[in-house]
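Written below as structure tokens is the structure these notes are about.
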Amino acid sequence: AMQSDDPTIAELLSAVPARPRLLVVDDQPINIQVMHQIFGSHCQVFMATSGQQALNFCLSTPPDIVLLDVVMPGMDGFEVCKALKSHPETSDIPVIFVTAHTDAHQETRGLELGAVDFISKPVNPAVVRARVKTQLTLKSQSDLMRRLVFLDGLTGVFNRRYLDQQLPIEVARTVRNQTPLALIMLDVDFFKRFNDCYGHQCGDDCLRTVATSVRESLRRPADLVARYGGEEFVCLLPDTPFDSAMAIAATLERNVRSKHVAHVDSDFQIVTVSLGVTATCGESALSVTELLERADQQLYQAKNTGRGRVCGAVLKGQVA
Ligand SMILES: [Mg+2]
């Protein structure tokens, strides 16, 4: 197995699932049972007996791989594959078609729609196991590479590019699932003075300390922290109502303070952060811009009312 001393990389490597999530889609339960016998001991096997069910599952809890029947009443396998590939949230999930009617035309069509492989029924357990394993390995490697591209080189948290990519996805999810979404924007207080006083090398160390403190303070896997620019960071917290986000922000503020990084040119004599919090209730339409602007306004408020504190406001969007 791969190993690394870099804590961020180690964290990413450990995120490769030990028991991958496999979704089997087939209108015949007997076929699902066969796959369950083949994969049950190595994978978490989930099932869907219709195309629509498969799409809903993939959108709410994306699996690591999908084994997809072609011939199904209603939405057929080709349509399901096309829909999966057109959604940014599901387009990276590898799809393997499993079908009794293999011909070159069908297989070509499936591959053109974005499937990674084509397996014929009745399946040979060893063959299907080997092919799934290959695709799972490729998937976890490409996930890892993708994530490395999205890390901030200085602090090891995600970079702005990743945040820009995830924001619309999380906003779409919150509107669709009617769940709350919170955003915390935080900024190191008197950072320019810190650099002037201690030099840029210490400034970099200070940013790393703050970033690490924030990352370690967010415990849920879906929580995301990104360096937004300069000395500014953003935390995106799915499924988090406003009150919880305020409590989390207060914890972040306290935890940075507890690092006791000396800052003689700060009103507090140590490094502190100011935080702006906003959250949506899920029932309203909202834009990424509004979410960022509202958090930024609250951050500005925190700066203007003394720094080293949290300000927040619920975002009320228009009814969709
Ligand atoms: Mg079928």
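Note that the structure is a prediction, hence the values are computed from the model and not measured. Just so you know, ligand 1 is whichever comes first in the structure, and atom 1 is the first atom listed for that ligand.
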If the threshold is 4.0 Å, N to carboxylate O, is there a salt bridge linking Asp205 and Arg208?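 Result for this pair is yes, salt bridge flagged.
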Asp69/Lys121 salt bridge by N-O under 4.0 Å criterion: yes
Quick one: does Thr179's side chain get under 4.5 Å of Pro238's, heavy atoms only? no
Listing by chain and number, what protein N/O/S atoms are under 2.8 Å from the Mg ion (ligand 1)? Asp27 OD1, Asp69 OD2, Val71 O
Should the ring pair Phe194 and Tyr198 be called parallel, tilted or perpendicular, given that the plane angle runs from 0 to 90° and is split at 30 and 60? tilted
Would you please indicate if the ring centroids of Phe150 and Phe158 are separated by under 6.0 Å?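 No: the rings miss the under 6.0 Å criterion.
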Check whether NZ of the Lys or CZ of the Arg Arg307 lies under 6.0 Å from the centre of the six-membered ring of Phe268 and within 45 degrees of that ring's axis.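 So Arg307 doesn't make the cation-pi contact.
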